[in-house]
Amino acid sequence: MVRHLIDPLDLSVSEIDDLLNLADDISAHPQKYAHACDGKKLATLFYEPSTRTRLSFETAMLNMGGSVMGFHSASTSSATKGESVADTIRVVSCFADICAMRHPKEGAPRRAAHFSKIPVINAGDGGHQHPTQTLTDLMTIRCKKSRLHDLTIGLCGDLKFGRTVHSLIKSLARYSGIRFILISPEELRVPGYIIDEVLRPQNIPFQEVRSLDEVLPKLDILYMTRVQKERFFNEEDYVRLKDSYVLTAEKMKAAKPDMYVLHPLPRVNEISLDVDDDPRAAYFDQVQNGVYVRQALILRLLGVKLPC
Amino acid sequence: MVRHLIDPLDLSVSEIDDLLNLADDISAHPQKYAHACDGKKLATLFYEPSTRTRLSFETAMLNMGGSVMGFHSASTSSATKGESVADTIRVVSCFADICAMRHPKEGAPRRAAHFSKIPVINAGDGGHQHPTQTLTDLMTIRCKKSRLHDLTIGLCGDLKFGRTVHSLIKSLARYSGIRFILISPEELRVPGYIIDEVLRPQNIPFQEVRSLDEVLPKLDILYMTRVQKERFFNEEDYVRLKDSYVLTAEKMKAAKPDMYVLHPLPRVNEISLDVDDDPRAAYFDQVQNGVYVRQALILRLLGVKLPC
Amino acid sequence: MVRHLIDPLDLSVSEIDDLLNLADDISAHPQKYAHACDGKKLATLFYEPSTRTRLSFETAMLNMGGSVMGFHSASTSSATKGESVADTIRVVSCFADICAMRHPKEGAPRRAAHFSKIPVINAGDGGHQHPTQTLTDLMTIRCKKSRLHDLTIGLCGDLKFGRTVHSLIKSLARYSGIRFILISPEELRVPGYIIDEVLRPQNIPFQEVRSLDEVLPKLDILYMTRVQKERFFNEEDYVRLKDSYVLTAEKMKAAKPDMYVLHPLPRVNEISLDVDDDPRAAYFDQVQNGVYVRQALILRLLGVKLPC
């Protein structure tokens, strides 16, 4: 049976552990995997552009000797001729061994998976899920803190529309001893269902606060997010709120010496450039980890036999 | 001398047989060809987007160990700077070993071939020719029916603008015992020159009918086509006609048990989804065959020496 | 320390000699380099489209067994989300081993290099620099004339906006015995700084003339350029001037038998088609040389160890 990755929760905790262990090994011994996907082809089906995510997938496949094909935006795909996602994936199943799909419509990758003969990886569907970003975040936290349990996690910025935030909360909620501090303006608080269906039922401690400064000293991880212009209904609200939660070197002085800063990127100005040289800035490490974790995922979904 | 493929009739019947035999062997033993094009480069020069065709060519080259480069639409090519096709192909001759060109202007690939130092494959020029689609259709018919002669072929839908239909008629007309049933609305009948220059001179039996239902039981092959919105002059005509020739599971009950359904894809709604699971639905097989036949073509045009 | 190529003058004369020698060897023995970049990845970061330059870089990498990724226009890149060049290059440093950047803004590749962990090659920044074109021009002149010194070089057309012209003048000015003849309409003369800062201080002989015909017999090299529509402020000026400096077979009769014609391409109509078959037409040789010189550059910037 073909296995897909559509939602981060499609993976059990032990499957995630296995993926992160494999990703760590790839990071430590990249040459060992340089030919693991010789002759394999990845299709990147990007119905909306996302350079970073696409190139990360492509790098993952190329790092293992495979090759890559695909399209980068709906305007250069058959979608403009009215083809359904179901037909497109059946066609692509004849071309590639595995595919990564980014789609503006929630649920499109799930629907594609239903008709696919090859593994489908959801590379972001609207405001919904982006499981490989979540795996990247988990790998980075685990690398920096040596654990995924017993951590105080601050999430800051746009907690309403940021799909990476929602997936990360749900994924970390499965580990013990996690406490969330949710830092956002009133207008961008986490959706009610996250609190009612994820945090409260499992008795996971959390606070919702307006100010980054006051909670910074308590955090083990600070996950910053971009306040995305395209999510706003009017320019005025965007301008008023976008600078509210900017992290600076000055503010970092109040943080623990081992509090790492993550960000899914791209950033606009929510982390000022003077933070980049701080050894606690982990957002570019995330990019590197994103490649390793995608390599691990591709290997597992393709069922590639690996040497011990 | 460099060999090109611009028009399906550039190939003799015996050359087509050779290509289809090679494609069959590739289908049966793909690993045998996994390194046949190591170090070779295919350029895909797509002056208008066509994801399916482009990815099929790219898959063909990647399946044989080669690599791929190119552009996907005129807007990202030097064409926007006013460069001629003649100059572009002379430049690309310095980059690639073989190229596939899709162009909105009829005759552009022929002109390119004239100036090219590498084989040029016409990947569709306007309403004109699309020879690798024709090879795909022929391979699929031969696979399913074990022959290309003595068949009753139904062609249904837009027979006026559909270039795949015109090429298929001309190519099948070279085999003995072929009978065509041309099913279309009055407005979308095959052009007169097909009848006057191809069918009548060779005394090939054909009928033109308006109704799919009445002729379905007689057919060995039903070739469905999309009624392309972009070919119509007004929205009204399009809406009135597009649903006239829709194939359904219900209608399929009247067809022979070994009547196969082909479609060049993408379909919009001219074949309803309930036909997809019918074992006679051969349109996704076509996609797979399209890769093999393009592999065979690339091998022959490059003159690659193959092991017996 | 990571080495970049942003400005042609970043390279010393002896480094250029070394690159051209290596490029000559690649031209003579391409197979020797067929696996020199196995496992290496080139990122082509094209914030504005340039098919020729991009495909030349990609061909260079593919010719040496490496692979390629990237984006072809700003609209399909993260730039649309407001990401800085500094952040983009830090991200790409996690993906690729080397990158080629084309950017509409002067200085963008220099800024990228400052933040990059991998070699950055400037593939053209606005009206500024395009060093691999200059290397291509130098290689072609050296191939055809067996030297880079003691030559009378005619530069014709748009000498004001043509960045390739400015770079070529500065680069050739470093060799002895060079004399320039600058052929252009009044409106498109070389900028004053080229004369005041490059030619006069080094006492390099030059003339500025309006007529191509009268100087043609004196030239060893004629470097033609396109009068780019996009550089003009109004259509009228463009129409009036664009045909002023057209080279024809008839005019070529007045040139020396070993006077070679170069052009950075794409041409529109400044070289008429009847010149193409003249053995002195070297502009398609340039395209081929462009691949070799880029291969040499990639090898040197990556520090690849080569067999003797």
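Scope of the values below: all heavy atoms of this structure, side chains included, with no hydrogens, waters or symmetry mates. In this text, all values refer to a predicted model and were calculated from it rather than measured experimentally. Protein chains get the first letters and strands the later ones, always in sequence-line order, with residue 1 at the start of each.
Taking a cutoff of 4.0 Å between a charged side-chain nitrogen and a carboxylate oxygen, Lys41(A) and Glu58(B) do not qualify as a salt bridge.
Judged as a salt bridge (Lys or Arg N to Asp or Glu O under 4.0 Å), and not counting sequence neighbours, Asp274(B) has no contacts. Remark: Pro264(A) pairs with Gln133(A), Thr164(A), Tyr223(A) by the side chain to side chain contact (heavy atoms under 4.5 Å, CB included) rule, at least two apart or across chains. Under the rule for a side chain to side chain contact (heavy atoms under 4.5 Å, CB included), Pro30(B) has no partner lying at least two apart in sequence or in another chain.
Looking at every heavy atom in both residues, Arg54(B) comes nearest to Gly70(A) through NH2-O, 2.8 Å.
No more than 12 heavy atoms of other residues, nucleotides or ligands lie within 6.0 Å of NZ in Lys160(B), so this atom counts as exposed by the packing criterion.
Residue Glu83(A) is tested with Arg267(B), Arg226(B), Arg52(B) for a side chain to side chain donor-acceptor pair (under 3.5 Å); the sole match is Arg52(B).
Of all residues spanning residues 89-96 of chain A, those with a heavy atom less than 4.5 Å away from chain B's heavy atoms are Arg90(A), Val91(A), Cys94(A), Phe95(A), arranged by number.
Residue Thr88(A) holds its OG1 atom at 9.5 Å from CG of Leu265(B), rounded to the nearest 0.5 Å. A distance of 11.0 Å separates CE of Met69(A) from OG1 of Thr44(B), quoted to the nearest 0.5 Å. The line from CG of Asp87(A) to NE2 of His263(B) is 9.0 Å long, rounded to the nearest 0.5 Å.
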